Protein chains: 2
Amino acid sequence: MHIQTQNAFRALADPTRRDIVQILAAQEMTIGQLTDRFDMTRAAVKKHLTVLSDGGLISVEARGRERINRLEPQGLAPVLDWLSYFDQFWDDRLNSLKEAIERKKK
Amino acid sequence: MHIQTQNAFRALADPTRRDIVQILAAQEMTIGQLTDRFDMTRAAVKKHLTVLSDGGLISVEARGRERINRLEPQGLAPVLDWLSYFDQFWDDRLNSLKEAIERKKK
DNA sequence: TTGACATGATACCATTTAGTATCATACTTA
DNA sequence: TAAGTATGATACTAAATGGTATCATGTCAA
């Protein structure tokens, strides 16, 4: 059993963590900056970041006394791989995503 | 916040439940049949099925004294929709999925 | 109709989880 | 160097989670 798959799915199971992932998709942030976006303590945000890091969804770079948290999109790969098992059930949906990509490339 | 999205992600967060989803993708089953595939009691499997049902990932049809559990692939839609937010990060991976689909269609 | 079978439901337990409060550490800067 | 700032780490709590055991209900079949 793939521990990466498990850790990634587990990381995405919490709504706060999914929000963090979306925020970091737009802009990298320190823990303090992220904490400003939520109604919880810095310690709680830090815990979520640890779970996201375990899931391979973010990376952390030390910069002075700050820690820059960045999205690692390839961490979503195990999730997509697992979902791809169900190709035969959602060809239509995948095709619409494919078309969106084609449009964007023009 | 989309409760369906939350329930679907939560349902997929457990490895036993992901296994159940894959088993049901191949063949619909009763609770008893599913229990044979796992090293846990029928009651535990039933709990997982309830979580999967809450997540919209399976449906249950009563047939006599049996309950037929079926995969509901469209329950994965909220998960895919959420992931599609990150299109710009995994064009390559999506393209490989797209290619797999194209190959299959031939 | 009666026994066997498939499931539903409830109570209970141990562990994990999501959060807080608090203190320690390390870096910046006046 | 000393104060302020950003983060790390630990201990603690309440609630959710994953599991069991047990009993109730409903259906099938002889």
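Owing to the predicted nature of the structure, the values given are computational and were not obtained by experimental measurement. Residue numbers start from 1 in every chain, and the chains themselves are labelled A, B, ... in the order their sequence lines are given, proteins ahead of strands.
Atom CG of Asp14(A) and atom C1' of dT17(C) are 9 Å apart (whole Å). What separates CZ of Arg10(B) from C1' of dT17(D) is a distance of 7 Å, to the nearest Å. In this structure, Leu49(A) places its CG atom 13 Å from P of dA9(D), rounding to the nearest Å. Note: CE (Met40(B)) to C1' (dT15(C)) measures 15 Å, nearest angstrom. Look at CD1 on Ile31(A): it is 16 Å from P on dA26(C), rounded to the nearest Å. Spacing between atom CZ of Arg17(A) and atom P of dT17(C) amounts to 8 Å, rounded to whole angstrom units. Atom CG in Leu34(A) sits roughly 17 Å away from atom C1' in dG19(C) (whole-Å rounding). One atom, CD of Gln6(A), and another, C1' of dT17(D), lie 13 Å apart when rounded to the nearest Å.
The base of dG19(D) sits with one of its N or O atoms less than 3.5 Å from a complementary donor or acceptor on the side chain of Lys47(B). For a distance-only test at 3.5 Å, the side chain of Arg42(B) qualifies as a donor-acceptor partner of the base of dG8(C). Applying the 3.5 Å distance criterion, the base of dT5(D) shares a donor-acceptor pair with the side chain of Arg65(A).
None of Leu57(B), Leu52(B), Leu71(B), Asp19(B) except one satisfies the side chain to side chain contact (heavy atoms under 4.5 Å, CB included) rule with Leu24(B); the exception is Leu71(B).
Listed by first and then second residue, the ring-ring contact (aromatic ring centres under 6.0 Å, His included) pairs involving residues 6-30 of chain A are Phe9(A)-Trp82(A) (not counting sequence neighbours).
Of the side-chain N and O atoms in Thr16(B), none sit less than 4.0 angstrom from OP1 or OP2 of dG18(D). Applying the 4.0 Å criterion to OP1 and OP2 of dG19(C), one finds that Thr41(A) has every side-chain N and O outside that range.
The backbone N or O of Thr50(B) lies less than 3.5 Å from no partner atom in the side chain of Ser53(B), so there is not a single donor-acceptor pair. Of the possible polar contacts, one joining the Asn69(A) side chain to the Arg67(A) backbone as a donor-acceptor pair under 3.5 Å is found.
Place His48(A) and Arg67(B) on DNA chain C by their nearest nucleotides, and Arg67(B) ends up nearer the 5' end. Toward the 5' end of DNA chain C, the nearer of the two residues Lys46(B) and Val51(A), judged by each one's closest nucleotide, is Lys46(B).
The 12-atom threshold is not exceeded at CZ of Arg37(A), counting heavy atoms of other residues, nucleotides or ligands nearer than 6.0 Å.
Across all strands, Arg63(A) comes closer than 4.0 Å to no nucleic acid atom at all (heavy-atom distances).
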